[in-house]
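No hydrogens, no waters, no symmetry mates; every other heavy atom, side chains included, goes into these values. No experiment lies behind these values; they were computed from the predicted model shown.
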Amino acid sequence: MNTGTVLEYANNNLNHFIDELKEFVRIPSISSSAHHRHEVKRCAVFLRDRMNEMGLTRAEVIETPGHPIVYGEWLNDPRKPTVLLYGHYDVQPVDPLDMWETPPFEPDVRDGRMYGRGTVDDKGQVYVHFKAVQSWLNAEKTLPLNVKFIIEGEEEIGSENLSSFLKNHRELLKADVAVISDTPMHKKGMPSICYGLRGMAYFQIDVRGSKQDLHSGSFGGATKNPIQALSEMLNDMKDEKGRILIRGFYDDVVDVAPDEREALATLPFDEEAYRKEIGVPRLFGETGYTVLENIWCRPTLDVCGIWGGFTEEGVKTIIPASAHAKVSMRLVPDQDPEKIGDLFEAHVASMAPPEVEVSVTRMHGGMPFLADTAHPAFEAARKALEKGFGAPSVFIREGGSIPFLDTLVKELRIPCLLVGFGLPEENAHAPNEWLDLENYDKGILSSIHLYEELSKITSRQ
């Protein structure tokens with residue numbers, strides 16, 4: 001096999017690859033919206049058709065109780081290793097729509113970037129692998145190893161059906177290594193291999209006082225205001241040093257080892273530039289840890305939304321009947337979202353004033369992930385990224401979550417490479433999401449090399 005012809009094919013077809021990504025991005029596959037259910041299904045069918053076009057030997061849309069999973073494979077030689085490529089085709093909602101400079105599902109290329117919802121999270125990164133496989137099959141009519149794709153439509157809503165799918169289809173998904181491109185690089189020009197993700201536990205708190213809103217003049221002073229009660233409870237969940245005050249919350253936390261702290265400290269990181277980029281007056285985090293340690297290696301608790309009472313223009317003097325908040329926790333090894341849920345519910349119950357009714361709903365969660373970088377797949381990734389980008393790669397963690405990843409690794413008993421081609425500032429989940437097209441190009445070239453490097457791993461670890 002001649003990798004040179006594959007690279008030449010990819011370089012000659014970059015403009016086509018960009019146009020094809022636009023088709024993918026145009027489909028509004030918002031998994032959290034019932035109004036977009038048909039579009040999510042249409043997106044799954046679109047991917048299956050692209051798999052067939054690029055020459056996979058099997059491609060199908062597999063229904064689940066929620067949104068479909070798209071599976072594809074190219075299996076040629078059982079003596080060669082198999083790579084399982086995971087991604088997701090669903091995207092986040094676009095609100096607030098008026099903050100977008102161009103319509104979110106009309107991809108626009110300007111200044112070397114493609115703008116649109118899903119460009120970086122995760123459609124562009126899924127297409128990196130589609131186009132790398134396509135380049136191999138068009139240029140050489142073969143691949144240096146066996147390939148399986150599993151592309152889901154529920155990642156943005158917690159991958160609710162993927163764990164059961166993995167458990168019920170172990171033989172179908174059997175592989176030697178998994179590769180996921182759904183993480184950012186440390187910075188532009190610095191290809192990155194992610195070895196750790198935080199987990200998640202997400203809750204809604206509902207506080208009810210009266211059976212209906214009350215006149216604040218007639219009843220003020222006789223009842224507990226639910227918004228006040230909720231605010232007091234939320235205020236008592238974290239101290240001024242960023243320490244979470246839930247009893248037992250840190251019991252299972254694996255602290256950052258000294259040698260890892262030293263390695264993280266060598267990564268280029270400008271705190272002032274970071275502060276300006278996100279637009280805050282001052283950075284805040286748990287005392288005793290650097291910014292990178294706080295966003296990658298330490299657990300968090302954040303109020304993601306709070307509502308209740310009158311919020312329209314003008315004046316309405318009421319004591320609201322209820323108040324609500326959504327609370328997100330990012331977890332680190334070895335925290336378990338179910339145990340954290342028990343601790344959180346107990347903590348809320350202990351703080352709930354007797355004058356109101358308080359309930360907690362567990363929304364969704366996911367386990368944290370930490371890889372063993374001694375596996376030879378990581379060395380294969382390092383070599384491939386250096387060839388594709390012409391620069392040495394670095395090892396990083398990432399503060400976000402891929403909820404099912406722990407299940408994938410444990411059920412299939414394989415290592416997982418997190419090799420992402422996004423950038424931290426590309427507005428994933430926010431208005432004006434974009435993808436750096438140079439990274440899209442170099443990601444395709446790197447993936448072409450990655451399959452060749454992984455083909456040299458001949459034994460299951």
Apply ring-ring contact (aromatic ring centres under 6.0 Å, His included) to the pair Tyr86 and Phe404, showing each step before the final yes or no.
CA-CA 11 Å; Tyr86 163 86; Phe404 85 100; 4.4 Å; yes
Flag if over 12 foreign heavy atoms under 6.0 Å of NZ, Lys80
yes
Can any side-chain N or O of Lys148 pair as donor or acceptor with the backbone N or O of Leu172 at less than 3.5 Å?
yes
Can you confirm if the aromatic rings of Phe17 and Tyr440 lie within a centre distance of less than 6.0 Å?
no
Can you see whether Ser31 engages Asp90 through a side-chain donor-acceptor pair at a distance of less than 3.5 angstrom?
yes
Would you please test Arg79 and Asp77 for salt bridge (charged side-chain N to carboxylate O under 4.0 Å, His left out) and show each step?
CA-CA 5 Å; Arg79 296 169 299 177; Asp77 189 341; 3.0 Å; yes
Return the CZ to CD1 distance between Arg382 and Ile193, rounded to the nearest 0.5 Å.
8.0 Å
Glu379/Lys456 ion pair, N-O < 4.0 Å
no
Looking at Asp122 and Gly87, would you say the former's side chain and the latter's main chain have a donor-acceptor pair under 3.5 Å?
no
So does Asp251 have more than 12 non-hydrogen atoms from other groups sitting under 6.0 Å from CG?
yes
How far apart are the closest heavy atoms of Ile27 and Lys123, and which atoms are they?
O-NZ, 2.8 Å
Are the side chains of Val291 and Phe269 in touch, meaning some heavy atoms are under 4.5 Å apart?
yes
For the pair Asp302 (side chain) and Cys304 (backbone), establish whether a donor and an acceptor sit closer than 3.5 Å, ignoring hydrogens and angles.
no
What I want to find out is whether Glu286 reaches Arg298 closely enough, with some N-O distance under 4.0 Å, to be called a salt bridge.
yes
Full working for side-chain contact (heavy atoms from CB on, under 4.5 Å) between Leu47 and Tyr127:
CA-CA 10 Å; Leu47 283 179; Tyr127 251 35; 4.2 Å; yes
Asp239: side chain to side chain donor-acceptor pair (under 3.5 Å) partners, not counting sequence neighbours:
none
Assess whether a salt bridge exists between Arg110 and Glu101, defined as any Lys/Arg side-chain N lying under 4.0 Å from an Asp/Glu carboxylate O.
yes
Looking at Val120, is its backbone amide N or carbonyl O close enough to the side chain of Glu433 to form a donor-acceptor pair, meaning the two atoms are under 3.5 Å apart?
yes
Does the distance from a Lys or Arg side-chain N to an Asp or Glu carboxylate O, for Asp252 and Lys339, drop under 4.0 Å?
yes
Asp121 and His429 side chains, donor-acceptor separation under 3.5 Å
yes
Does Phe149 form a ring-ring contact (aromatic ring centres under 6.0 Å, His included) with Phe130? I'd like the steps, not just the answer.
CA-CA 9 Å; Phe149 281 98; Phe130 271 49; 4.9 Å; yes
Would you call Glu345-Arg362 a salt bridge at under 4.0 Å N-O?
yes
Can you tell me which residue among His169, Arg170, Lys167 is in a side-chain hydrogen bond (donor to acceptor under 3.5 Å, both in side chains) with Glu411?
Arg170
Are Asn427 and Glu425 linked by a side-chain donor-acceptor pair shorter than 3.5 Å?
no
With rounding to the nearest 0.5 Å, note down the distance linking CZ in Arg198 to CZ in Arg330.
7.0 Å
Between Glu272 and Arg275, does any NZ, NE, NH1 or NH2 come within less than 4.0 Å of an OD or OE carboxylate oxygen?
yes
Less than 3.5 Å apart, any donor N or O on the side chain of Asp255 or Tyr289 sitting next to an acceptor on the other?
yes
Any side-chain donor near an acceptor of the partner, Lys238 and Thr300, under 3.5 Å:
no
Is the number of heavy atoms from other residues, nucleotides or ligands within 6.0 Å of NZ (Lys224) greater than 12?
yes
Between Ser181 (side chain) and Val419 (backbone), is there a donor-acceptor pair under 3.5 Å?
yes
Any donor-acceptor pair under 3.5 Å linking the side chain of Thr290 with the backbone of Glu293?
yes
Is the closest side-chain heavy-atom distance between Thr82 and Leu145 below 4.5 Å?
no
Do His324 and Ser322 have a side chain donor and acceptor closer than 3.5 Å?
yes
Check the side chains of Ser159 and Glu152 for a donor-acceptor pair under 3.5 angstrom, ignoring hydrogens and angles.
yes
